[in-house]
Amino acid sequence: MNLDQIIKIEGFQSILYSLVDVIDIGIHIIDTEGLTIVYNKKMAEIEGMDSEDVLGKKIPDIFKFQEETESTLIRALHSGKATENSKQTYFNNLGQEITTINNTFPILDQKQNIIGAIEVAKDITNLERIIKDNILNKGDTKYTFDSIIGTSENFLDVIEKSKRSTRTTSSILIVGETGTGKELFAQSIHNGSNRSTHPFISQNCAALPDSLIEGILFGTKKGAFTGSIERPGLFEQAQGGTILLDEINSLNPNLQAKLLRALQERTIRRVGDTKDKKIDVRVIATINEDPIDAISNDHLRKDLYYRLSVVSLFIPPLRERKEDIPLLAQSFIEKFNALFELDIKGISDEVYSLFYDYEWPGNVRELEHIIEGAMNLLEPGDTKIEIPHLPTLFKKKAHMEETQLDIKNDLIQNEELQDTTLSLDDYIANTEKIYLEKILKEHGMNISQAAKALNISRQSLQYRLKKHQVK
């Protein structure tokens, strides 16, 4: 009796399928002909397939391998040998890459004849993709100090300190808001140092769950946990070079303690291992909040902060170096001219005036996105970026900031005329009156348009105007 006949015994098939479909691990069974006879829901989920696409078919007809023998299932069927914790990368019928850790065994009858093979698979596709996406080799570190644009005094000071730091191997903490260019500085420091011919590896600490980040940073030992294999971590892969730990304040305290030990001892220990490995890696860390606040809020260990901040670089936000806006804007125009095959010469004075008044919460990255968005809205023959070309959302935000500033100034002037402190109700009423007057003026005293801008009914606006005696 072959395996297919055994499975089709009355009652056995339903019991088998009920069992394998509730298991949270991939199960794939083939018979002596290499035809799939069992394929559970988890395996279908891992491989992005429907069971009807796989059942009754041979593996090489569905999945793509460089060689047929690379299928661990077929190997077990032909060789009669089991393999444990074997990593396998292949492609499904849609061309999607899949990576699994497999335990594969031949199935034997009572006479020890091979009647099929079974594979138990654990999906590590996302883990492999994360590791590939976060490893940058020398060819990928495209930024140098020549790439950094800015002539404001506070910005030039940071550049000068960064250049000095290339001469040593001390840890560096780069502090700056999102979009200020922290990785640009990190790559420039690496490329300006004597480590420039060695790896530069970047890892965003906020992008991964705690269950993965430790193994990715420090590596894993085979058998440390289910499906674990012998794998070097990013510290080992960066040997002789630089590792950038982006958003270090996202690491949990236990991992921060392990990182502190690695920095102090110059050694790391893989997950599940008992031996330490020496490392020669320069650590650059970034943080997007004030380090003192991060320590107070338990986002950053104080001892790790002191260890990382041997060199501290504070990158100023764009609102504190607005004189650099024309240089930055022109560089982005040149970038997108080449990318979009355009010939835009510059930006109008009205747009620059708006840029100077704006507070840029997204910093340089936001400016780049605004320029890119505007250049997508240009008409043939346009040579300058004008107000109508700017993204609608940006114009709304810029207008809101301007309105809020004007109201604030009006309130200050109003308070200066007051001999006594206003009550809260009077203050709120006064603020509402000033705002209503401003919106009415902006819409030519047209009540319908003003009501629409305020997102209230015409009747509601008329009531408020009467209440505050706005003429």
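Reckoned from all heavy atoms, side chains included, excluding hydrogens, waters and symmetry mates.
- The side chain to side chain donor-acceptor pair (under 3.5 Å) test with Tyr358 is passed by exactly one of Glu366, Arg319, Lys322: Glu366.
- Sorted by first then second residue, the salt bridge (charged side-chain N to carboxylate O under 4.0 Å, His left out) pairs that include residues 299-311, not counting sequence neighbours, are Arg301-Asp303.
- The aromatic rings of Tyr90 and Phe65 lie parallel to each other, their planes meeting at an angle below 30°, with 60° marking the opposite boundary.
- Considering Arg261, Lys258, Arg266 in turn, Arg261 is the only one that fulfils the salt bridge (charged side-chain N to carboxylate O under 4.0 Å, His left out) rule with Asp276.
- Of all the heavy atoms in Gln256 and Ile248, the pair that sits closest is NE2-O, 3.8 Å.
- Ile344 CD1 to Lys384 NZ: the interatomic distance, rounded to the nearest 0.5 Å, is 11.5 Å.
- Residues forming a side-chain contact (heavy atoms from CB on, under 4.5 Å) with Pro232 (at least two apart in sequence, or on another chain): Glu236, Gln237, Arg270.
- The closest donor-acceptor contact from the side chain of Asp50 to the backbone of Glu52 lies at 3.5 Å or more, if one exists at all.
- Looking at heavy atoms from C-beta onward, Val283 lies in side-chain contact with Leu263 at the 4.5 angstrom threshold.
- Looking only at distances, no side-chain donor or acceptor of Ser309 sits under 3.5 Å from a matching main-chain atom of Ser312.
- Side-chain contact of Ser448 with Arg458: a donor-acceptor pair under 3.5 Å is present, judged by distance alone.
- Side-chain contact check for Val311 versus Ser171: every heavy-atom pair is 4.5 Å or farther apart.
- When the shell of 6.0 Å around CD of Glu341 is examined, it contains 12 or fewer heavy atoms from other residues, nucleotides or ligands.
- With 3.5 Å as the limit, one finds no donor-acceptor pair spanning the side chains of Gln203 and Asp246.
- Each of Ile174, Leu308, Leu245, Leu300 was evaluated against Ile287; a single residue qualifies, Leu300, per the side-chain contact (heavy atoms from CB on, under 4.5 Å) test.
- For the residue pair Ala238 and Pro199, the shortest heavy atom distance occurs at CA-CB, 4.1 Å.
- Residue Ile385 holds its CD1 atom at 13.0 Å from CD of Glu350, rounded to the nearest 0.5 Å.
- Put simply, CG on Leu244 and CG on Leu234 are 11.0 Å apart, with the number rounded to the nearest 0.5 Å.
- Separating the NZ atom in Lys466 from the CG atom in Leu461 is a distance of 13.5 Å, to the nearest 0.5 Å.
- Between Val351 and the choices Leu354, Asp349, Ile347, the side-chain contact (heavy atoms from CB on, under 4.5 Å) rule is met once, by Ile347.
- Leu184 and Ser147 make their closest contact through CD1-O, 4.3 Å (heavy atoms, listed as atom of the first residue, atom of the second, distance).
- Here Lys345 pairs with Asp343 in a salt bridge; the nearest charged N to carboxylate O distance falls below 4.0 Å.
- For the atom pair Lys182 NZ and Leu313 CG, the distance stands at 12.0 Å (nearest 0.5 Å).
- Judged by distance alone, with hydrogens and angles left aside, the side-chain atoms of Asn376 form a donor-acceptor pair with the main-chain N or O of Glu372 at under 3.5 Å.
- Distance check: Ile172 CD1 to Ser162 OG gives 7.0 Å after rounding to the nearest 0.5 Å.
- Taking the side chain as every heavy atom from C-beta outward, Leu378 and Thr383 never approach each other to under 4.5 Å.
- If you run side-chain contact (heavy atoms from CB on, under 4.5 Å) between Ile189 and each of Lys163, Arg282, Arg164, only Arg282 comes through.
- At a threshold of 4.0 Å, the pair Glu368-Lys335 counts as salt-bridged, since one of the basic side-chain nitrogens sits closer than that to a carboxylate oxygen.
- Asp293 places no side-chain N or O within 3.5 Å of a backbone atom of Asp290 that could act as its donor or acceptor partner.
- Side-chain contact annotation: Glu177 with Asn288, donor-acceptor N/O pair under 3.5 Å absent.
- Annotation: side chain of Val175 is in contact with side chain of Leu173 (closest heavy-atom distance under 4.5 Å).
- Residues Ala121 and Ile46 approach most closely at O-CD1, 3.9 Å, considering heavy atoms.
- Glu432 and His468 share a donor-acceptor pair across their side chains, judged by distance under 3.5 Å alone.
- Salt bridge Glu45/Lys41: absent, no basic N to carboxylate O contact under 4.0 Å.
- In this structure, the ring of Phe218 has its center less than 6.0 angstrom from the ring center of Phe235.
- Remark: aromatic rings of Phe200 and Tyr143 are distant, center separation not under 6.0 Å.
- Between the side chain of His198 and the backbone N or O of Arg195 there is no donor-acceptor pair closer than 3.5 Å.
- In terms of heavy atoms, Val54 sits closest to Ile62 at CA-CD1, 3.6 Å.
- A centroid separation of 6.0 Å or more is found between the aromatic rings of Phe332 and Phe355.
- Counting only heavy atoms from C-beta outward, the side chains of Gln88 and Thr99 never approach each other to under 4.5 Å.
- Within the 4.5 Å cutoff, side-chain heavy atoms of Tyr435 are placed close to those of Leu454.
- Counting only N and O atoms by type, the side chains of Ser188 and Thr144 include no donor and acceptor under 3.5 Å apart.
- Side chain of Asn92 to backbone of Leu94: a donor-acceptor contact under 3.5 angstrom is found.
- Residues Leu390 and Leu377 fail the side-chain proximity criterion, which asks for heavy atoms closer than 4.5 Å.
- Taking the six-membered ring where the residue is Trp, Tyr352 and Tyr356 present parallel rings, their angle staying beneath 30° rather than reaching 60°.
- Under the 3.5 Å distance criterion, the side-chain polar atoms of Gln239 are left unmatched by any main-chain donor or acceptor of Val281.
- For the pair Thr286 (side chain) and Glu247 (backbone), a donor-acceptor distance under 3.5 Å is present.
- Counting only heavy atoms from C-beta outward, the side chains of Met375 and Asn337 approach each other to under 4.5 Å.
- A donor-acceptor pair is defined here as one N or O able to donate and one able to accept, closer than 3.5 Å; no such pair exists between the side chain of Asn363 and the backbone of Pro317.
- Taking every heavy atom of both residues into account, Asn154 and Glu320 meet most closely at ND2-O, 3.3 Å.
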